[in-house]
J.: 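Let me begin by handing over the structure; questions about it come next.
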Number of protein chains: 2
Amino acid sequence: MTQATVPNPNPDPAAAPPSVAFVVSRLGFAVGGQLADALKPLGIEPRHFGLLRALAMTKGQSQKAIATTLNLHPNRMVALVDELESKKLVRRRPHPSDRRAHTVVLTPAGEQLLQEAFRLAIGIETALCADLDRDERQQLLHLLSKLRAGDTDHPGVHPGLAGRRDTSRGMNQ
Amino acid sequence: MTQATVPNPNPDPAAAPPSVAFVVSRLGFAVGGQLADALKPLGIEPRHFGLLRALAMTKGQSQKAIATTLNLHPNRMVALVDELESKKLVRRRPHPSDRRAHTVVLTPAGEQLLQEAFRLAIGIETALCADLDRDERQQLLHLLSKLRAGDTDHPGVHPGLAGRRDTSRGMNQ
DNA sequence: TATTGTTATACTCTATAACTATA
DNA sequence: TATAGTTATAGAGTATAACAATA
């Protein structure tokens with residue numbers, strides 16, 4: 001308990017060494033904001049980007065199927081599709097075999113905007129990694145892939161799309 | 001339109017190579033959720049953790065000074081301090097020289113809970129990096145530190161504390 | 001009876017701005 | 001007049017649950 005200069009009985013908790021968790025969380029938040037800013041001129045937000053991206057993959061599936069893939073409440077799905085449809089980026093069409101269901105497809109304008117959004121996203125990636133050479137970036141991706149973030153369901157899907165916080169571990173029942 | 005297996009005219013945009021930006025954003029979101037879950041038994045949320053952490057550093061400062069350090073609206077500051085005070089983790093005391101101002105200090109219970117919160121946070125870090133050896137983790141931290149995430153104001157502060165999205169580039173006028 | 005999509009409603013969270021008491 | 005803190009209010013976003021059409 002003897003001390004020379006620092007009277008603090010417990011070690012200063014705020015001066016903790018940087019943690020991967022904290023740094024990643026902070027970076028992720030910043031990057032998300034950057035993407036939102038970049039997409040604003042296109043009139044969409046990151047969540048719309050995520051949905052457009054998924055629609056480009058799964059052509060002609062029902063809303064329900066897409067929502068399941070993205071771990072999205074039917075609720076939010078409707079709102080998102082509404083917004084994209086009002087911007088003529090997406091169109092609802094009758095499902096061929098199930099008259100309850102709708103399929104959702106990109107319009108040509110939607111495909112074009114998606115390409116532009118990808119260009120913007122690549123711009124963010126480039127700026128973010130500007131101080132890394134090719135090997136360093138590859139090494140970083142490798143190390144990040146080794147992190148255990150749980151949530152291995154829905155690979156390639158950003159969990160933020162689903163809404164706030166997943167308190168009840170999976171919405172589907 | 002003839003097709004053998006893949007009719008896709010443009011390269012599948014959704015099958016883009018993994019980007020550091022996307023991976024970091026997804027990881028950060030997951031980690032944030034983990035911290036929220038871990039802190040729940042303590043009765044606090046990540047934002048309270050962030051404030052308690054700051055209070056442990058800056059002892060006896062005014063609310064305004066702390067809010068400025070954390071890039072926090074006076075508004076949110078009041079609500080946060082209210083919540084912590086109702087849990088007896090923090091106490092408002094009159095500022096010695098300015099009778100308008102309040103200083104905010106941790107109670108012994110607050111310091112104890114903060115220590116416990118740090119233990120939980122370390123647990124998350126440990127689990128997250130379980131598949132990395134010491135050198136790999138150090139290398140990862142090094143590479144992450146080289147990313148250009150902008151926002152170099154308010155070092156060591158999680159931008160999520162400030163609220164939603166920083167649309168107007170800095171709230172202070 | 002279950003499921004797809006939708007709508008209605010309540011709840012939480014955040015932001016804007018007005019207010020008080022000091023300076 | 002400006003500032004620290006507070007309160008009030010409005011707005012955005014999310015989740016819960018009820019609903020109509022179809023299976």
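In this text the structure is predicted, and so the values were computed from the model without any measurement. Residue numbering restarts at 1 for every chain, and letters A, B, ... go by the order of the sequence lines. Side chains are part of it too, since the values below use all heavy atoms of this structure and drop only hydrogens, waters and symmetry mates.
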J.: Contact list please: residues 94-103 of chain A against DNA chain C, heavy atoms, distance less than 4.0 Å, in numerical order.
T.: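 Contacts with DNA chain C under 4.0 Å: A/Arg100, A/Ala101, A/His102.
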J.: Does a nitrogen or oxygen in the side chain of B/Arg92 sit under 4.0 Å from OP1 or OP2 of D/dT6?
T.: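 Checking D/dT6 against B/Arg92, a side-chain N or O does come within under 4.0 Å of OP1 or OP2.
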J.: Taking CG from B/Leu161 and C1' from C/dT14, how many angstroms apart are they, rounded to a whole number?
T.: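 So the two atoms are 14 Å apart, to the nearest Å.
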J.: Can you give me the closest heavy-atom contact between A/Arg148 and B/Ala127, atom names plus distance?
T.: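 Heavy atoms only, the tightest pair is CB-O, 3.6 Å.
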J.: Could you tell me how far apart A/Asn75 (CG) and C/dC11 (P) are, to the nearest whole angstrom?
T.: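 So the CG-P distance, A/Asn75 to C/dC11, works out to 16 Å.
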J.: Report yes or no: is the cationic atom of A/Arg53 (NZ for Lys, CZ for Arg) under 6.0 Å from the centre of the six-membered ring of B/Phe22, at an angle within 45° of the ring normal?
T.: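 The answer is yes; both the distance and angle limits are met.
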J.: Tell me yes or no: between the side chains of B/His158 and A/Ser25, is some donor less than 3.5 Å from an acceptor?
T.: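 Yes, because at least one side-chain N or O of B/His158 sits under 3.5 Å from a partner of the opposite role on A/Ser25.
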J.: Would you check if A/Leu55 and A/Val105 make a side-chain contact, meaning some heavy-atom pair closer than 4.5 Å?
T.: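 Answer no - side chains too far apart.
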J.: What's the CG-P distance between A/Leu80 and D/dG13, to the nearest Å?
T.: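 Atom CG in A/Leu80 sits about 11 Å away from atom P in D/dG13.
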J.: Any side-chain heavy-atom pair from A/Leu35 and A/Leu120 closer than 4.5 angstrom?
T.: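 A/Leu35 does not reach A/Leu120 side chain to side chain.
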J.: Would you mind reading off the distance between B/Glu85 atom CD and D/dG5 atom P, rounded to a whole angstrom?
T.: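 Whole-Å distance recorded here is 13 Å.
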J.: B/Asp82 has a side chain; which of D/dA4, D/dT7, C/dG5 sits nearest to it?
T.: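 From the listed options, D/dT7 comes nearest.
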J.: Separation of B/Gln63 atom CD from D/dT3 atom P, in whole Å?
T.: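 After rounding, the reported distance stands at 17 Å.
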J.: How long is the line joining CD of A/Glu83 and P of D/dT14, in whole Å?
T.: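 In whole Å, D/dT14 P lies 10 Å from A/Glu83 CD.
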J.: How long is the span from the CG atom in B/Leu70 to the CE atom in B/Met77, to the nearest 0.5 Å?
T.: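 Going from CG on B/Leu70 over to CE on B/Met77, the span is 6.5 Å.
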J.: Can you check the A/Arg76 CZ to C/dG5 P distance for me, whole Å?
T.: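 Rounded to whole Å, this separation is 17 Å.
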J.: Quick one: A/Asn71 CG to D/dA15 P, roughly how many Å, whole number?
T.: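 To the nearest whole Å, that distance equals 11 Å.
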J.: Less than 6.0 angstrom separating the ring centers of B/Phe29 and A/Phe29, yes or no?
T.: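 For B/Phe29 and A/Phe29, the ring centres are not under 6.0 Å apart.
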J.: Look at the side-chain N and O atoms of A/Arg47 and state whether any lies under 4.0 Å from the OP1 or OP2 oxygen of D/dT14.
T.: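 Yes, such a contact exists.
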